[in-house]
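The analysis underlying the following values was restricted to heavy atoms, covering all of them including side chains, and did not include hydrogens, waters or symmetry mates. Here is the naming used below: chain letters follow the sequence lines, and residue numbers restart at 1 for every chain.
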Protein chains: 4
Amino acid sequence: MPKVSADYKAKRRQEVIESALLCFAEKGFESSTMDDIVERSGTSKGLVYNYFKSKEELYTSLMEERSSKMFFTFREKFQQLHTATEKLKEIFSYYQEALKKEGYQDYLKVHFEWIIYASRNVKLKQKMVDRFEKEVCAFVEEIINEGIANGEFNPNLATGSVAAIFWAKVDGISLAYALTGNQDQYRDSLIESEKMLMKYLTTQLNK
Amino acid sequence: MPKVSADYKAKRRQEVIESALLCFAEKGFESSTMDDIVERSGTSKGLVYNYFKSKEELYTSLMEERSSKMFFTFREKFQQLHTATEKLKEIFSYYQEALKKEGYQDYLKVHFEWIIYASRNVKLKQKMVDRFEKEVCAFVEEIINEGIANGEFNPNLATGSVAAIFWAKVDGISLAYALTGNQDQYRDSLIESEKMLMKYLTTQLNK
Amino acid sequence: MPKVSADYKAKRRQEVIESALLCFAEKGFESSTMDDIVERSGTSKGLVYNYFKSKEELYTSLMEERSSKMFFTFREKFQQLHTATEKLKEIFSYYQEALKKEGYQDYLKVHFEWIIYASRNVKLKQKMVDRFEKEVCAFVEEIINEGIANGEFNPNLATGSVAAIFWAKVDGISLAYALTGNQDQYRDSLIESEKMLMKYLTTQLNK
Amino acid sequence: MPKVSADYKAKRRQEVIESALLCFAEKGFESSTMDDIVERSGTSKGLVYNYFKSKEELYTSLMEERSSKMFFTFREKFQQLHTATEKLKEIFSYYQEALKKEGYQDYLKVHFEWIIYASRNVKLKQKMVDRFEKEVCAFVEEIINEGIANGEFNPNLATGSVAAIFWAKVDGISLAYALTGNQDQYRDSLIESEKMLMKYLTTQLNK
DNA sequence: CATGAATGAGATTTCATTCAT
DNA sequence: TATGAATGAAATCTCATTCAT
């Protein structure tokens, strides 16, 4: 179907991406074959290779596009929230809600597999590290700074470290869930973790 | 009657296992070939297949043997420690020390890759979940209970959740290090995390 | 009634043919893709397939059309030449001049590749052999016969063999140039070759 | 069959090389598939890839090994020949004899295809040009110089050009044979060519 | 026991060709 | 007519595993 709208192409591309995600979720990146992806997307090998020049590029595009979206979503939601406490709560609540998404456990596996995969590739690693520092951590650090400015939080915090720990906890809890599939533990850990964090943020540290 | 001593066999087996670990660390499990492992171990294909009936079995044996060792080591060290606080400190200090090991970052990648890999295999997953609950979490829960019994810690703690969070943090911090290789952040996060945990364990929660 | 003029169609067809020649010159027939040709001609796949029903037909048409032209050109020029010696000189001079054409070395590669390609295809081979015997060799043989009739050349010549050798030399010299790109050698060889031939044609062979 | 003699390996390698040559002779390099070669050699894909790391490397090795042999053979035969005239005669006679070899016409196609193929690859081309200049042409030039020293040939010859023309003729004649398969013409052309050359070498050039 | 040559299923990728628009 | 998205057969190459020596 030649001379086709950009929209049409974007849609087909998205179909492929989604099929690929399902495959990677099920079997992992290396064990998913292009044939699996082709079959799942109901298209053809040629089509997939028209949109992505290799299996690796498909993987890379898929993962990078997904992560760009998340922070976009957060920033949007945050328009209506005005205290740092609310914002942090919002993030925790996002992760609580995630549980309801179909296939969330499998998606987490893809996420972690990707981190390890990227960490072994000089270029991807650089991108991921940059993103982690300048986007992911900075995002939370900003909120904490806002909280300090607002008087919500203890002004003596090592905000960088706290942000890093914040994500470390979320990742750690998610990783446990990716493995065990234990929803109660995931929920409880998030709740407990939130409390622990809030306590830390709001208490005066006596050095 | 064996032609060679059991010792000799164990040694060769260990050589293979160690070479495999180095390969997996470098390239990941799927991308490491038996030829890579054979070359690194200076042996032969046949030999490797004498000790392990498949690449997967080699992986499984390698990873399971390694994790058994860790808790054994902890329990040994704990003989001489008598307060829960000291024991927890010991664990944190173990992770601080790990940084000094050659190739620790790569090893962490293998560790996380393995978790994801195992989580996709019914049998392995079952083992891992069991181990996680009955050994890994229980290990920390025990210490916390000891601390409560000793009066070191707040008696109203949800010990199970705290134990889960404890490991979630360690894993989350390690995962960040596996990706970034940022040693300072790893160290700081562990320290901050320890403080955060201790504060939580020792403070009376109101409600 | 055609919607576009025959002229227009011929022009577009020629554009495709020329682009194809450039591609084949650069990469060879098998390694040039239809996409390469399409891109170079600034048209589209469909258009190319409207003019040529397959890549092979495009190749065949291209090569056959080109070789038809050459002899036509020679015969035209020969209108004004009246001795066999002049005519042979003219041919040698044509090959000397060829060197000045842009991309001549690459074109020669296409030429030789085509000979080998055609030689492997029963039908094409038949055509080529016919052409070689009835057109190419005969063309030179005719000139030599003319020279004998004129008294320019030795009447005892094996004219068929001499014609074959004539082309063998031209091809051999061209092949060397196709490989080496050594213009001096090409020029010198042609000159020397011309002398050698003339000597042979004009000398009384003692048996 | 592990731990096998170098001889055994060389033999297997040779089997593959010969099968490949037959395939290339039949269909050409690009159109011959590894499956064709595997089938003809009665082995397996893995085996072929154990000996040659790619189809191209197989081609390259095959062609380079063959051409090394030829000059070796000539130099050996020349031990017993003491005049330049005899040596040149020997070369012509070699090409006359070649006709008797099974599949010689097809082999010639492979030879010419290879020249064109190599000429499109910077590295191969360099090698071929070097070989052509320093081995192939030099070989004949040496003989001619010997003939001049012996008083067999005219001392005023442009030996370099003559050598180049010598091979140009042989190649040109062979190319015609590769295409037409006309054995009589091939033989006659060689004979005539030899005469023409000898006349040129032994005559005093006036000017 | 150790070796490593051999196997071949199966992976990724290419590209000539078709055909709906 | 012209377009170029879609197709899928077929190519190259990899690599876990086997087994004769």
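- Here the CG atom belonging to D/N50 is positioned 8.0 Å from the NZ atom belonging to D/K9, to the nearest 0.5 angstrom.
- Each of E/dA6, F/dA6, F/dA2 was ranked by its minimum atom distance to the side chain of D/Y51; first place goes to E/dA6.
- Between the CG atom of D/N50 and the P atom of F/dT18 there is a distance of 17 Å, given to the nearest Å.
- The phosphate of F/dG4 (OP1 or OP2) has no side-chain N or O of A/Y8 nearer than 4.0 angstrom.
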Detail all sub-3.5 Å separations between protein N/O atoms and N/O atoms belonging to nucleotides 10-12 of chain E.
residue, atom, partner, partner atom, Å
E/dT12, OP1, A/K55, NZ, 3.0
E/dT12, OP2, A/M34, N, 2.9

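- Nucleotide F/dT21 is matched to E/dA2 when pairs are restricted to Watson-Crick or G-U wobble geometry with both distances under 3.5 angstrom.
- With a 3.5 Å ceiling on both atom-pair distances, the Watson-Crick or G-U wobble partner of F/dT14 is E/dA9.
- Checking C/G46 against B/V48, the closest nucleotide of DNA chain E that is more toward the 5' end is the one next to B/V48.
- Atom P of nucleotide E/dT13 and atom CD1 of A/I37 are separated by 11 Å, given to the nearest angstrom.
- If you check the side chains of D/S31 and C/E30, you find a donor sitting under 3.5 Å from an acceptor.
- Using a 4.0 Å cut-off, some side-chain N or O of C/R12 falls inside it from OP1 or OP2 of F/dA2.
- C/K53 comes within 4.0 angstrom of nothing in the nucleic acid, heavy atoms only.
- Nucleotide F/dT14 holds its P atom 12 Å from the NZ atom of B/K27, rounded to whole Å.
- Rounded to whole Å, the distance from NZ on D/K9 to P on E/dT3 is 15 Å.
- B/Y49 does not carry B/K55 over the face of its six-membered ring by the limits of under 6.0 Å from the centre and within 45° of the normal.
- Within 6.0 Å of CD in C/E57 there are more than 12 heavy atoms belonging to other residues, nucleotides or ligands.
- Rounded to whole angstrom, the span from the CG atom of A/L47 across to the P atom of E/dT13 amounts to 16 Å.
- Across all strands shown, E/dA16 forms a Watson-Crick or G-U wobble pair with F/dT7, both key distances being under 3.5 Å.
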From CA spacing to verdict: ring-ring contact (aromatic ring centres under 6.0 Å, His included), A/W114, A/F24 | CA-CA 10 Å; A/W114 165 248; A/F24 296 158; 9.7 Å; no
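- Rounded to an integer number of Å, the gap from C/E56 CD to E/dC15 C1' is 16 Å.
- Only one option out of A/L108, A/I116, A/L175 pairs with B/I116 in a side-chain contact (heavy atoms from CB on, under 4.5 Å); it is A/L175.
- Listed nucleotides F/dA5, F/dG8, E/dT3 differ in distance to A/S44; the shortest reach to its side chain belongs to F/dG8.
- In this structure, D/Y59 places its OH atom 17 Å from C1' of F/dT12, rounding to the nearest Å.
- Heavy atoms of D/R13 sit nowhere under 4.0 angstrom from any nucleic acid atom.
- C/E56 and C/Y117 share a side-chain donor-acceptor pair at under 3.5 Å.
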